[in-house]
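This report refers to the structure that appears directly beneath it.
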Amino acid sequence: MADTQNASAEALIKSEDPKHPANLICSLCRQFYTFGWVTGTGGGISIRHEDHVFLAPSGVEKELMQPENIFVMDWASKEYIRRPLALKPSACTPLFLAAFTQRDARACIHTHSQWAVLVTLLCETGQQGPDPGVFAMNKIEQIKGISRGGAGSMEVAEGGRKLGNLGYFDTMQIPIIENTAHEEDLRESLEEAIVKWPETCAVLVKRHGVYVWGKNVTQAKTQAESLDYLFQLAVEMHKLGLKWVS
Ligand SMILES: CSCCC(=O)C(=O)COP(=O)(O)O
Ligand SMILES: [Zn+2]
C-alpha cells in the first residue's frame, strides 16, 4: 500500500481506547521521554497485536507522535498495510521483529537511557567482571522484576529449564553487543545474542542503549523500568567501589 488513503488501513489506528496499540505507543513514548529514554528522536517501542505490528516512524520526536503517524505491518507477510506519507518506519524495526519472532514477544522497547550506556562503558573496563560482553548482577531485590526466558510465561520450559522471574540469589545476566553505524545493522548480533542467552529478556548495545521485550506491553515496560533502576544502581555502586555480583 503506497499511502494512507485506504479507509480500512485508517481504521487500524483509530480508536477511543487508550490501550489500543496506536494510542499506547504515543502515550508511552511521552512517558519514556520524561525518563530520558527517547531523547532526541532515539529509542521507541513497537507492539505486536493480533495479526499486526505497530511501529513508530524514524527520526521523529517520539514524544510528539500521534496515532496518524503510526505504521502498521501485517505480521504474516511482513508487508506494510498502513504507511504514513513522507515518513519512514523506525530503523529499529528489524530488531523489534527479532524479539517478536525469536521470543514470541508482543512488545519491545528500545531506550537510549544514559544508565544503560554507562553500564556498557563500565563493563568495557573489565573492573566489574572478567567478561566485558555481559552485565551481571545479583542480591538486589529489583532483580525479581526480571523474567527468565524473556517473553515465556510457562513456569518450566522444554528440557526442564526453570522459567518465571529471577530470584534474589539468581545472577541476572544481560548480554552486550557492539554498536554499528546504522541501527538496522544490529540485527544479526542481536539475533545471535538472543540465541546464545536463552534466559535474557534484554540486550544492551555498547555506547548506545538497550532493547527489552516482554510477553505483553506491561511486562516489557516493567522490565525496562526494573533494568533502568538496576543500571543506575550499578553506576552508583561502581562510584562507591562496590561490586555488582557477590
Ligand atoms: C539520535 S537517534 C539515532 C538512531 C537510533 O539509535 C534510534 O534508536 C532511533 O531510530 P528511529 O529510526 O526509530 O528514529
Ligand atoms: Zn537506538
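Positions are given from 1, in the same order as the sequence printed here. This is a predicted model, so every value here is computed, not measured. Whatever order the structure lists ligands and atoms in, that order sets their numbers, starting from 1. Excluded from the calculations below are hydrogen atoms, water molecules and symmetry mates; all remaining heavy atoms, backbone and side chain alike, are included.
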Contact summary for [X] and [Y], nearest pair of heavy atoms:
| X | Y | result |
| --- | --- | --- |
| Val245 | Asn138 | CA-OD1, 3.4 Å |
| Phe71 | Leu87 | CZ-O, 3.4 Å |
| Gln102 | Val195 | NE2-CG2, 3.4 Å |

Distance-only, no hydrogens or angles: does the [X] side chain make a donor-acceptor pair with backbone N or O of [Y] under 3.5 Å?
| X | Y | value |
| --- | --- | --- |
| Arg82 | Ile70 | yes |
| Gln128 | Trp244 | yes |
| Ser46 | Leu55 | no |

Arg187/Glu184 salt bridge by N-O under 4.0 Å criterion: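 Here Glu184 does not pair with Arg187 in a salt bridge, since their nearest N and O are not under 4.0 Å apart.
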Under 4.0 Å from ligand 1 - residues by heavy atom, chain and number: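 Residues near ligand 1: Gly40, Thr41, Gly42, Gly43, Ser58, Gly59, Lys62, Ser90, Ala91, Cys92, His110, His112, Glu183, His208.
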Phe231-Trp115 aromatic ring centre distance below 6.0 Å: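 No, ring centres 6.0 Å or more apart.
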Ring centres under 6.0 angstrom apart (His20, Phe54):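 For His20 and Phe54, the ring centres are under 6.0 Å apart.
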Sub-2.8 Å protein N, O or S atoms surrounding the Zn ion (ligand 2):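 Listed by chain and number, the atoms are His110 NE2, His112 NE2, Glu183 OE1, His208 NE2.
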